[in-house]
Number of protein chains: 2
Amino acid sequence: MSRRKEFDMTEVLDKATDYFWQHGYEGTSIQDLVQHLGVKAQSLYNAYGGKRDLFLASLRNYVRQSTVISTLEQTASGKEAIVKVFRDLLDDLARSECKKGCFMFNTSVELAPHDPEIAEFIEKERTRSELAYYQALLRAKEQGDIPKRHSDLMALARYLHNAQGGLTVTAKTVSDPSVLEDIAKVTLSIFD
Amino acid sequence: MSRRKEFDMTEVLDKATDYFWQHGYEGTSIQDLVQHLGVKAQSLYNAYGGKRDLFLASLRNYVRQSTVISTLEQTASGKEAIVKVFRDLLDDLARSECKKGCFMFNTSVELAPHDPEIAEFIEKERTRSELAYYQALLRAKEQGDIPKRHSDLMALARYLHNAQGGLTVTAKTVSDPSVLEDIAKVTLSIFD
DNA sequence: GCATTACTTTAATGACTATTCAAGAAAAAT
DNA sequence: ATTTTTCTTGAATAGTCATTAAAGTAATGC
């Protein structure tokens with residue numbers, strides 16, 4: 001039929017995801033992307049539409065690669081699943097020098113209030129995540145790891161998701177890592 | 001000496017604070033400010049320096065007007081102080097149609113990772129807030145409202161601040177208000 | 001080999017950005 | 001009343017923004 005692309009679409013999307021994640025939507029210009037992805041502007045427009053389309057594709061790419069839900073689903077012990085999610089999160093936040101936080105929560109702050117489509121996407125992902133927490137909590141209850149004072153597992157799930165998101169935001173300005181450890185410790189004290 | 005200003009500096013600063021709070025730094029142009037504050041660009045530059053200076057002044061203006069710390073300090077019962085902070089927060093989030101969240105957390109996400117000066121300012125404010133929580137928790141402990149399983153009050157303070165910030169972010173995409181109520185309820189179950 | 005088709009490259013577009021220049025206007029000090 | 005100082009006004013500047021137009025290039029199907 002015709003000429004083939006000279007660049008790998010998925011590789012470029014990964015790079016775009018990373019750049020948007022780190023700099024946000026307004027903080028990223030097409031020229032920035034051209035420089036960091038090594039692809040000319042016109043190629044981006046041919047391949048993805050416009051800046052907003054590429055951003056949405058990046059968001060979807062991000063959630064597709066996220067490991068929170070799979071971790072919650074795959075670990076047999078419900079309590080251990082949740083503990084592992086928070087432990088992994090703390091490790092990520094400590095390791096990454098560049099305070100990227102969570103792409104989803106970043107976008108909640110930057111775009112959701114003025115972009116209903118993005119707000120809806122984020123809300124859907126949140127409920128998906130809350131459901132995964134809920135099912136891990138169900139398992140934990142069966143396994144005897146939920147104290148009696150907690151009867152509403154869905155509320156617990158929402159609470160865990162909220163704490164997780166808060167951590168990624170708080171991490172952006174925290175210099176002493178023990179702050180994040182304290183938060184995680186108390187958050188998980190629902191199991192005590 | 002000379003001519004006097006035709007506009008009220010504090011009134012203009014309040015409007016600027018509100019606009020930056022709602023739209024963020026990059027989402028606010030000088031032209032936007034000129035239109036919404038009713039002050040010409042040159043007057044802004046004369047009075048505040050540049051856009052960044054005005055933004056910093058707005059941030060400081062915001063924390064000066066925040067009621068969280070004073071609520072924590074003024075309520076006699078430590079537990080009731082903390083409960084009231086969260087109740088007020090839920091009321092605010094439910095009332096405000098325009099999902100502004102918390103200016104401080106918004107700025108954490110948008111600017112802190114690439115602006116050390118702003119990151120430092122936010123971190124200072126966070127520790128100030130955590131200290132206020134801590135002192136309320138101290139009172140609560142004396143008043144017998146802290147269960148024995150919680151020994152580290154500073155960790156609890158950090159946890160409460162984190163949950164508070166998370167709520168303001170989560171609120172941006174939440175359509176069902178019971179989500180926020182659930183989160184607050186479980187967050188405050190540390191007292192149960 | 002040749003036409004077709006899609007990709008790449010370069011340059012241009014027009015709108016918007018923060019900031020400043022220069023001139024006019026008003027209030028206070030003398 | 002005049003000078004001085006600061007404010008206001010309107011226009012200009014230089015740069016960046018997302019997007020597209022146009023021309024060149026390479027691979028495929030025939």
Chemist: Parallel, tilted or perpendicular for B:H161 and B:Y133, by the 30°/60° rule?
Modeler: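 Answer is perpendicular, since the angle exceeds 60°.
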
Chemist: Would you say A:S43 places a side-chain N or O within less than 4.0 Å of OP1 or OP2 belonging to C:dC7?
Modeler: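 Checking C:dC7 against A:S43, no side-chain N or O comes under 4.0 Å of OP1 or OP2.
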
Chemist: Give me the ring orientation class for A:H36 and A:Y19: parallel if the planes are under 30° apart, tilted from 30 to 60°, perpendicular past 60°.
Modeler: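 Taking A:Y19 first and then A:H36, their aromatic rings sit tilted (interplane angle of 30° to 60°).
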
Chemist: For B:F55 and B:F103, I'd like to know if the aromatic rings sit close, meaning centre-to-centre distance below 6.0 Å.
Modeler: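 Under 6.0 Å, so yes.
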
Chemist: Provide, to the nearest angstrom, the distance between the CE atom belonging to B:M9 and the C1' atom belonging to D:dT8.
Modeler: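 For the pair B:M9 CE and D:dT8 C1', the rounded distance is 15 Å.
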
Chemist: Out of D:dT20, C:dT8, D:dT8, which nucleotide sits closest to the side chain of A:N46?
Modeler: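 The listed nucleotide nearest to A:N46's side chain is C:dT8.
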
Chemist: Is there a side-chain contact between A:Q31 and the phosphate of D:dA18, meaning an N or O under 4.0 Å from OP1 or OP2?
Modeler: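 Answer is no, no contact under 4.0 Å.
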
Chemist: Could you state the NZ-C1' distance from B:K40 to C:dG24, rounded to the nearest angstrom?
Modeler: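 Taking atom C1' of C:dG24 as the reference, NZ of B:K40 is at 13 Å.
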
Chemist: Expressed as a whole number of angstroms, how long is the span from B:E26:CD to C:dA18:C1'?
Modeler: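 Roughly 11 Å, once rounded to whole Å.
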
Chemist: To the nearest Å, how far apart are B:Y48 OH and C:dT19 C1'?
Modeler: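 It is 18 Å, rounded to the nearest whole Å.
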
Chemist: Atom CG of B:L44 and atom P of C:dT20: how far apart are they, to the nearest Å?
Modeler: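 These atoms are roughly 13 Å apart.
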
Chemist: For C:dT19, does either OP1 or OP2 sit under 4.0 Å from a side-chain N or O belonging to B:K51?
Modeler: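 No.
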
Chemist: Can a side chain N or O of A:S29 be found less than 4.0 Å away from OP1 or OP2 on D:dT16?
Modeler: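 Answer is no, no contact under 4.0 Å.
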
Chemist: Could you tell me how far apart A:Y45 (OH) and C:dT13 (P) are, to the nearest whole angstrom?
Modeler: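 Going from OH in A:Y45 over to P in C:dT13 covers 17 Å.
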
Chemist: Can you tell me if B:Q42 touches the phosphate of C:dT20, counting only side-chain N or O atoms and a distance under 4.0 Å to OP1 or OP2?
Modeler: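 For B:Q42, the contact criterion (side-chain N or O under 4.0 Å from OP1 or OP2 of C:dT20) is not met.
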
Chemist: Under 4.5 Å between side-chain heavy atoms, counting indirect links through other Ile/Leu/Val/Met/Phe/Trp/Tyr residues: same cluster for B:I122 and A:V174 or not?
Modeler: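 No; A:V174 is not reachable from B:I122 via cluster members.
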
Chemist: Could you check how far CD of A:Q35 sits from P of D:dT16, rounded to whole Å?
Modeler: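 About 11 Å, once rounded to whole Å.
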
Chemist: On DNA chain D, compare the nucleotides closest to A:G49 and A:D32; which residue's is nearer the 5' end?
Modeler: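 The residue whose closest nucleotide sits nearer the 5' end is A:D32.
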
Chemist: Are there over 12 heavy-atom neighbours, none belonging to A:Q31, within less than 6.0 Å of that residue's CD?
Modeler: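 Incorrect, the count does not exceed 12.
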
Chemist: Side chain of B:I30 only, please: which of D:dT8, C:dT9, C:dA18 is the nearest?
Modeler: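 Given the options D:dT8, C:dT9, C:dA18, the side chain of B:I30 is closest to C:dA18.
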
